[in-house]
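Quick caveat: nothing in here was measured; it's all calculated off a predicted structure.
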Amino acid sequence: MIQQGLTTSFKQEMLQAGQNLLTDTLKMALYVATADIGPQTTAYTATGEVSGTGYTAGGVAVTGTSISVDPVSGVVYVDFNNVSWPGANFTARGALIYNVTRSNKSVAVLDFGADKLFTPATNTVTMPANTATTALIRFP
């Protein structure tokens, strides 16, 4: 079962200066519906990972990381570029963002809500809007 959210280990590591999202290398791996990933996931795993044309185990780099602060609410939030798989031909239900630089430690799990068919025409995971109320990673 895929459960969306920041991983517990990521939240703890952020308070202990264990990850640096601006300088570390992040990747997104995709998973099938039967994968067991969620807040308890501590690191990248190949178990339940997608396979298919246009997909390489371990996923692809997550780029364009920026950190912003909403001056009114004080919420700190993180933005990423959308992530694509050119030449894709596979189905995925969710994703894991993980930190390659830090021994593949987990950051966040995404649940797409239903199986998503990736094709050359529809091969992108669109990140949420970069705002204090919608960004994927937010610290109130």
Side-chain angles (χ1 to χ4, degrees):
M1 177 168 76
I2 297 174
Q3 296 176 319
Q4 182 160 314
L6 295 178
T7 62
T8 303
S9 58
F10 171 74
K11 291 185 271 187
Q12 181 179 5
E13 290 157 6
M14 289 304 294
L15 294 174
Q16 297 171 336
Q19 295 201 33
N20 185 332
L21 299 182
L22 289 178
T23 60
D24 293 350
T25 298
L26 303 178
K27 289 184 93 173
M28 179 184 287
L30 299 177
Y31 292 84
V32 297
T34 57
D36 186 19
I37 57 173
Q40 78 288 351
T41 303
T42 58
Y44 162 77
T45 178
T47 304
E49 191 172 7
V50 163
S51 64
T53 303
Y55 189 83
T56 301
V60 297
V62 175
T63 61
T65 305
S66 65
I67 298 175
S68 303
V69 178
D70 182 285
V72 175
S73 67
V75 173
V76 177
Y77 53 98
V78 182
D79 185 41
F80 306 103
N81 290 338
N82 295 336
V83 182
S84 297
W85 282 264
N89 189 13
F90 51 82
T91 299
R93 172 59 190 257
L96 174 68
I97 297 175
Y98 66 98
N99 191 325
V100 175
T101 305
R102 309 293 175 156
S103 302
N104 295 332
K105 291 181 178 183
S106 64
V107 173
V109 174
L110 305 173
D111 181 351
F112 301 151
D115 282 350
K116 179 179 177 179
L117 178 61
F118 285 73
T119 68
T122 58
N123 63 16
T124 301
V125 173
T126 303
M127 295 299 198
N130 184 27
T131 72
T133 58
T134 59
L136 179 64
I137 299 175
R138 299 182 303 270
F139 295 99

Partner residues of [X] under the salt bridge (Lys or Arg N to Asp or Glu O under 4.0 Å) criterion, sequence neighbours left out:
{"X": "Asp115", "answer": "none"}
{"X": "Lys105", "answer": "Glu13"}
{"X": "Glu49", "answer": "none"}
{"X": "Arg93", "answer": "Asp111"}

Search all heavy atoms of [X] against all heavy atoms of [Y] and return the closest pair with its distance.
{"X": "Val60", "Y": "Ser84", "result": "CG2-O, 4.0 Å"}
{"X": "Ala132", "Y": "Ser73", "result": "CB-OG, 4.2 Å"}
{"X": "Gly48", "Y": "Ala35", "result": "O-CB, 3.9 Å"}

Quick one: do [X] and [Y] end up in the same hydrophobic cluster if we chain Ile, Leu, Val, Met, Phe, Trp and Tyr together by side-chain heavy atoms under 4.5 Å apart?
{"X": "Ile67", "Y": "Met14", "value": "yes"}
{"X": "Tyr77", "Y": "Val125", "value": "no"}
{"X": "Leu21", "Y": "Val69", "value": "yes"}
{"X": "Leu117", "Y": "Tyr55", "value": "no"}
{"X": "Val75", "Y": "Phe10", "value": "no"}

Would you find a donor on one side and an acceptor on the other, under 3.5 Å apart, between the side chain of [X] and the backbone of [Y]?
{"X": "Ser9", "Y": "Ala43", "value": "no"}
{"X": "Asn82", "Y": "Met127", "value": "yes"}
{"X": "Thr119", "Y": "Ala121", "value": "yes"}
{"X": "Thr101", "Y": "Thr25", "value": "yes"}
{"X": "Thr134", "Y": "Ala129", "value": "yes"}
{"X": "Thr45", "Y": "Thr47", "value": "yes"}
{"X": "Ser106", "Y": "Thr7", "value": "no"}

Answer yes or no: is there a side-chain heavy-atom contact under 4.5 Å between Leu136 and Ile97?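 Side chain of Leu136 against side chain of Ile97, heavy atoms only: contact under 4.5 Å found.
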Flag the pair Leu110 / Met28 as yes when at least one side-chain heavy-atom distance between them is below 4.5 Å, and no otherwise.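 Side-chain contact under 4.5 Å: yes.
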Could you tell me which residues satisfy side-chain contact (heavy atoms from CB on, under 4.5 Å) with [X], sequence neighbours excluded, listed by chain and number?
{"X": "Gln12", "result": "Gln16"}
{"X": "Ser66", "result": "Asp79, Asn130"}
{"X": "Ala17", "result": "none"}
{"X": "Leu15", "result": "none"}

Given a cutoff of under 4.5 Å between side-chain heavy atoms of I, L, V, M, F, W and Y, with clusters grown through shared members, what are the other residues clustered with Val72? none
Taking ILVMFWY side chains as joined if any heavy atoms are under 4.5 angstrom apart, and letting links pass through other members, which residues group with Leu96? Ile2, Tyr31, Ile37, Tyr44, Tyr98, Val100, Val109
Only one of Leu6, Ile137, Val107 clears side-chain contact (heavy atoms from CB on, under 4.5 Å) with Lys11; which? Leu6
For residues 103-130, pull every pair meeting ring-ring contact (aromatic ring centres under 6.0 Å, His included), keeping only residues two or more places apart or in separate chains.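 Counting only pairs at least two positions apart or across chains, the ring-ring contact (aromatic ring centres under 6.0 Å, His included) contacts touching residues 103-130 are Trp85-Phe118, Phe90-Phe118.
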Among pairs that include at least one residue of residues 21-48, which meet salt bridge (Lys or Arg N to Asp or Glu O under 4.0 Å), considering only residues two or more places apart or in two chains?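 Output for this query lists Asp24-Arg102.
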Taking atom OG1 of Thr56 and atom CG of Leu30, what is their separation to the nearest 0.5 Å?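 Between Thr56 OG1 and Leu30 CG, I get 11.0 Å after rounding to 0.5 Å.
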